[in-house]
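Proteins come first, then strands; the chains are lettered A, B, ... in the order of their sequence lines, and each starts at number 1. Keep in mind that the numbers below use all heavy atoms, side chains included, and drop hydrogens, waters and symmetry copies.
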Protein chains: 2
Amino acid sequence: MVKSLANEFSYKDKKVITIGIVKELTGLSERQIRYYEERKLIFPERTSGGSRRYSFADVEQLVEIANKIEDGVQTYEIRQEMIREKKRNDEAAHKKMIQGQLNARFGVRKY
Amino acid sequence: MVKSLANEFSYKDKKVITIGIVKELTGLSERQIRYYEERKLIFPERTSGGSRRYSFADVEQLVEIANKIEDGVQTYEIRQEMIREKKRNDEAAHKKMIQGQLNARFGVRKY
DNA sequence: AAACAATGTTAGGTTTCCTTACATAAATGT
DNA sequence: ACATTTATGTAAGGAAACCTAACATTGTTT
């Protein structure tokens, strides 16, 4: 229970989808998709030639963004939320790592 | 236990990957990828404009094909194997369906 | 009123993809 | 042995998909 992590990563996070497909999957216009990137809400990779490549996780993220915007939330707000959320995640991950190191040094007992 | 099927389908089988990315992921040439399609070993979808779109499952399939070909197996052979395998699967699925209908009519008891 | 946000549209240019055809070495069939 | 098939490369010409930059528009903040 730990090794499965590398596998989870595989499909959902691999950046393999073109903007045209993202457009189909989300119903957003290319303009919107690129604009949300400009506002730092989404971070596609690029091919050597400069074309954007998205992951399924990105697609889901885009749908969430679109919903918030429909609810009148501005991209700036959404960005702040994302930053706060990331911080929380990083802290949780950090805590877990420290815990792991302690376990490695002093062993664990599960009752 | 059954409804999860729709989800499993999501990432692995969705046809969203262009041939250029497939080439990167597999290390095969575009020529090879198209040839294996010509030999009916792989079945990408097409966009309205005619561009091929592959799934992650297709990518894995392509890697398997490439390995067999490296081992000297011909595309014709591989195709026969695939047909045999498909038949086995269909039969298993059919059997399961019949079983399900029987269960629906006469009920099931799990001891 | 001025500035900003969100989106559409247009233009010109690159990248990526498509099919068809010809070429070839190696394997297979007869 | 000779003909055919397999597997792959490569080239040409064209179409689809993508890119950036710029200008326009309609609301919303400030």
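Between the CD1 atom of I42(A) and the CG atom of L62(A) there is a distance of 4.0 Å, given to the nearest 0.5 Å.
At a threshold of 4.5 Å between non-hydrogen side-chain atoms, the residues V73(B) and E81(B) count as touching. Under the 4.5 Å side-chain criterion, counting only non-hydrogen atoms from C-beta, I19(B) is in contact with R34(B). Counting heavy atoms from C-beta on, the side chains of I83(B) and K87(B) never come closer than 4.5 Å.
Distance CZ (R79(A)) to P (dA6(C)): 13 Å, rounded to an integer number of Å. When the P atom of dC18(C) is taken as reference, atom CZ of R46(B) falls 6 Å away, rounded to whole Å.
Contact check of residues 20-40 of chain A against DNA chain D (heavy atom, cut-off under 4.0 Å) returns G20(A), E30(A), R34(A). Within residues 49-67 of chain A, the residues that place at least one heavy atom under 4.0 Å from DNA chain D are, in residue-number order, G50(A), S51(A), R52(A).
A donor-acceptor pair under 3.5 Å is absent between the side-chain atoms of E77(A) and the main chain of Q74(A), judged by distance alone.
The environment of F43(A) atom CZ is dense: over 12 non-hydrogen atoms of other residues, nucleotides or ligands sit within 6.0 angstrom.
Applying the side chain to side chain donor-acceptor pair (under 3.5 Å) test to K96(B) and every residue at least two apart in sequence or in another chain returns nothing. Remark: K86(A) engages D90(A) in a side chain to side chain donor-acceptor pair (under 3.5 Å) (not counting sequence neighbours). Remark: D71(B) pairs with no residue by the salt bridge (Lys or Arg N to Asp or Glu O under 4.0 Å) rule, at least two apart or across chains. Residues satisfying the side chain to side chain donor-acceptor pair (under 3.5 Å) test with Q61(B), not counting sequence neighbours, are none. The salt bridge (Lys or Arg N to Asp or Glu O under 4.0 Å) test applied to E64(A) returns no partner, not counting sequence neighbours. With sequence neighbours excluded, no residue satisfies side chain to side chain donor-acceptor pair (under 3.5 Å) with Y36(A).
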Tell me which donor-acceptor pairs under 3.5 Å the side chains of residues 45-58 of chain A have, and how far apart each pair is, sequence neighbours excluded?
from: R46(A); atom 1: NH1; to: G50(A); atom 2: O; distance (Å): 2.9
from: T47(A); atom 1: OG1; to: G49(A); atom 2: N; distance (Å): 3.3
from: T47(A); atom 1: OG1; to: G50(A); atom 2: N; distance (Å): 3.3
from: T47(A); atom 1: OG1; to: S51(A); atom 2: N; distance (Å): 3.1
from: R52(A); atom 1: NH1; to: E37(A); atom 2: OE1; distance (Å): 2.7
from: S55(A); atom 1: OG; to: A57(A); atom 2: N; distance (Å): 3.3
from: S55(A); atom 1: OG; to: D58(A); atom 2: N; distance (Å): 3.0
from: S55(A); atom 1: OG; to: D58(A); atom 2: OD2; distance (Å): 3.2
from: D58(A); atom 1: OD1; to: K15(A); atom 2: NZ; distance (Å): 3.4
from: D58(A); atom 1: OD2; to: K15(A); atom 2: NZ; distance (Å): 2.9
from: D58(A); atom 1: OD2; to: S55(A); atom 2: N; distance (Å): 3.0

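For DNA chain D, the span of nucleotides reached by chain B at under 4.0 Å from its heavy atoms goes, 5' to 3', from dT6(D) to dA17(D).
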Quiz prompt | From CA spacing to verdict: side chain to side chain contact (heavy atoms under 4.5 Å, CB included), M82(B), E85(B) | solution = CA-CA 5 Å; M82(B) 279 179 52; E85(B) 173 121 4; 5.6 Å; no

Exercise. Give the B/S/- string for nucleotides 25-30 of chain C, one per nucleotide from 5' to 3', where a protein heavy atom under 4.0 Å of the base yields B, of only the sugar-phosphate yields S, and otherwise -.
Key: ---S--

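Residue contacts for T47(B): at a heavy-atom cut-off of 4.0 Å it reaches the sugar-phosphate backbone alone, with no base atom in range.
Computed from C1' positions of five pairs at each end, the angle between the two local axes of the helix from dA1(C)-dT30(D) to dT30(C)-dA1(D) equals 30°, rounded to 10 degrees.
Partner of V63(B) under the side-chain contact (heavy atoms from CB on, under 4.5 Å) criterion, chosen from L25(B), T26(B), L28(B): T26(B).
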